[in-house]
Undergrad: 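My questions will all concern the structure given below.
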Amino acid sequence: DDGTGMVDFKGEKRSNATHQSTTDPESRLMRKGNGQPAKLSYGGHVLMENRNGLCVDILITESTQAEHRAARQLLLAHVDGTFTQTLGADKGYHVKEFVGHLREHAVRPHIARIKDRKTPGLDGRTTRTEGYRVSQRKRKRVEEIFGWLKTVGGLRKSRFIGQAKTQMAAFISGAAYNLLRIAKLSVSEVKAEHRRTNGPSRSPLRPRRQFERGAKAIPESDVTMKLDLNLVLARTAGFCITLLEVAVQEAAAQGVKVEL
């Protein structure tokens with residue numbers, strides 16, 4: 001300390017054991033990879049259903065917590081062992097402890113395997129199935145959720161102090177993502193129903209030919225309604241996030257402690 005409150009950390013090695021954030025003590029130093037800078041952060045984990053790409057659950061943890069241990073927490077509320085389910089995941093979850101946990105709860109581990117690592121419960125009898133190949137293809141869609149949460153949902157940087165408040169912000173952003181996703185699925189269902197009813201049609205730039213062949217075009221009002229709904233949901237999601245931020249800032253300015 002030079003007497004002005006400033007401390008020179010040059011030459012010192014920082015770690016979670018020796019240093020702590022003065023603004024958010026619950027955050028932890030974590031680096032994404034070798035050669036990358038360590039930053040104060042939280043860990044975000046998402047559970048997705050692979051049929052429609054909806055976010056089933058989202059969990060905020062310490063950034064230093066192992067991925068497979070956070071996944072066990074996510075699965076507690078969604079796996080009861082009454083019927084067989086599958087779980088697709090990347091190589092970071094190829095851990096004996098996690099695979100055994102899935103098998104105990106009647107969940108088939110469709111996890112990407114690490115070469116030459118032998119794990120009871122995850123062998124050729126599982127990886128040779130068509131379901132395993134489908135899970136490995138579908139699991140990559142979870143990156144769409146992470147990408148949206150960071151770019152649109154405002155979770156690239158934590159806007160709140162404390163794990164509990166950050167968790168609440170993640171819930172709100174996850175709900176907004178699902179609303180937008182459901183709106184897009186609704187538009188797809190309208191088009192699919194039209195194809196099932198009238199058969200495939202050619203380019204929409206030739207409506208006269210479509211009517212000559214007896215095909216019914218998609219009512220313009222239905223399409224407009226769906227697009228308007230998508231726009232409204234997008235704006236509503238943005239408003240919810242903005243209003244929450246403003247409310248917390250105003251409360252803090254007035255010296256009121258807000259618990260989310």
Undergrad: Between CD of E67 and CG of D90, what distance do you get to the nearest 0.5 Å?
TA: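 Answer rounded to 0.5 Å: 6.0 Å.
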
Undergrad: Kindly give the heavy-atom pair with the smallest separation between T151 and R156, and that separation in Å.
TA: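 Closest pair (atom of T151, atom of R156, distance): CG2-NH2, 3.7 Å.
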
Undergrad: First locate atom CE of M168, then atom CZ of F160, and finally report the distance between them rounded to the nearest 0.5 Å.
TA: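 If we round to the nearest 0.5 Å, M168:CE and F160:CZ are 10.5 Å apart.
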
Undergrad: Is the F98 ring parallel, tilted or perpendicular to the Y93 ring (thresholds 30°, 60°)?
TA: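 Rings of F98 and Y93: tilted, 30 to 60°.
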
Undergrad: Under a 4.5 Å side-chain heavy-atom rule over Ile, Leu, Val, Met, Phe, Trp and Tyr, are L149 and Y42 clustered together?
TA: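 L149 does not cluster with Y42.
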
Undergrad: Any chain of hydrophobic side-chain contacts (each under 4.5 Å) joining V99 to V79?
TA: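 In one cluster with V99: V79, yes.
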
Undergrad: Would you confirm whether Q167, through its side chain, and I58, through its main-chain N or O, come within 3.5 Å as a donor-acceptor pair?
TA: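 Such a contact is found between Q167 side chain and I58 backbone.
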
Undergrad: Could you report the tightest heavy-atom contact between S21 and D24, atom names first, then the distance?
TA: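 Nearest heavy atoms, S21 then D24: OG-N, 3.0 Å.
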
Undergrad: Strictly distance-based, threshold 3.5 Å: is any side-chain N or O of T129 a donor or acceptor partner for the main-chain N or O of T126?
TA: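 Yes: the side chain of T129 pairs with the backbone of T126.
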
Undergrad: Is there a path of hydrophobic side-chain contacts, each under 4.5 Å between heavy atoms of I, L, V, M, F, W or Y residues, that connects I161 with L29?
TA: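 As far as the 4.5 Å side-chain criterion goes, L29 and I161 are not connected within one cluster.
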
Undergrad: Tell me if a side-chain donor or acceptor on N52 pairs with a main-chain N or O of L54 at a distance below 3.5 Å.
TA: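 Judged by distance alone, no pair lies under 3.5 Å.
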
Undergrad: Look up atom OG in S158 and atom CD in Q163, then write down how far apart they are to the nearest 0.5 Å.
TA: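 Reported value, rounded in 0.5 Å steps: 10.5 Å.
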
Undergrad: Can you confirm whether D57 sits close enough to F171 that some side-chain heavy atom of one is under 4.5 Å from a side-chain heavy atom of the other?
TA: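 A side-chain contact under 4.5 Å exists here.
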
Undergrad: Nearest heavy-atom pair of G121 and P109: which atoms, and what distance?
TA: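 The answer is O-CG, 3.5 Å.
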
Undergrad: How close do A70 and T61 get, counting heavy atoms only, and between which atoms?
TA: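 Minimum heavy-atom separation between A70 and T61: CB-CG2, 4.3 Å.
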
Undergrad: Out of curiosity, L102 CG to E97 CD, how far, rounded to the nearest 0.5 Å?
TA: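 It comes to 10.5 Å.
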
Undergrad: Check for me, please, whether V46 and I60 land in the same ILVMFWY cluster - side-chain distances under 4.5 Å, paths through other members count.
TA: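 No, it is not one cluster - the side chains of V46 and I60 are not joined through contacts under 4.5 Å.
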
Undergrad: Taking atom CD1 of I182 and atom OH of Y177, what is their separation to the nearest 0.5 Å?
TA: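 If I round to the nearest 0.5 Å, the distance is 10.5 Å.
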
Undergrad: Are any side-chain N or O atoms of E49 and backbone N or O atoms of R51, one a donor and one an acceptor, separated by less than 3.5 Å?
TA: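 Yes, because the side chain of E49 sits within donor-acceptor range (under 3.5 Å) of the backbone of R51.
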
Undergrad: Do any N or O atoms from the side chain of S63 and from the backbone of R28 form a donor-acceptor pair under 3.5 angstrom?
TA: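 It does hold such a pair.
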
Undergrad: Test of understanding: clusters of I, L, V, M, F, W, Y form through side-chain heavy atoms closer than 4.5 Å, transitively. Do M30 and L40 belong to the same one?
TA: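 No, M30 does not connect to L40 through the hydrophobic network.
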
Undergrad: Please name the pair of heavy atoms, one in M48 and one in R141, separated by the smallest distance, quoted to 0.1 Å.
TA: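 Distance-wise, the nearest heavy atoms are SD-C, 3.8 Å.
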
Undergrad: Which of these passes side-chain hydrogen bond (donor to acceptor under 3.5 Å, both in side chains) with Q136: R133, R139, K138?
TA: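 By the side-chain hydrogen bond (donor to acceptor under 3.5 Å, both in side chains) criterion, Q136 pairs with just one of R133, R139, K138: R139.
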
Undergrad: Got a second to check how far E143's CD is from K150's NZ, nearest 0.5 Å?
TA: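 E143 CD to K150 NZ: 8.0 Å, rounded to 0.5 Å.
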
Undergrad: Under a 3.5 Å distance rule, please check whether R117 uses its side chain to pair with a backbone N or O of H94 as donor and acceptor.
TA: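 Side chain of R117 to backbone of H94: a pair is present.
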
Undergrad: Could you pull out the closest heavy-atom pair between T86 and S135, with the gap in Å?
TA: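 The answer is OG1-OG, 4.2 Å.
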
Undergrad: Between L75 and H105, is any pair of side-chain heavy atoms under 4.5 Å apart?
TA: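 No. Closest side-chain heavy atoms not under 4.5 Å.
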
Undergrad: Using modelled atom types only, decide if a donor and an acceptor are shared between the side chain of Y132 and the backbone of I111 within a distance under 3.5 Å.
TA: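 Yes; judged by distance alone, with no hydrogens or angles, the pair exists.
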
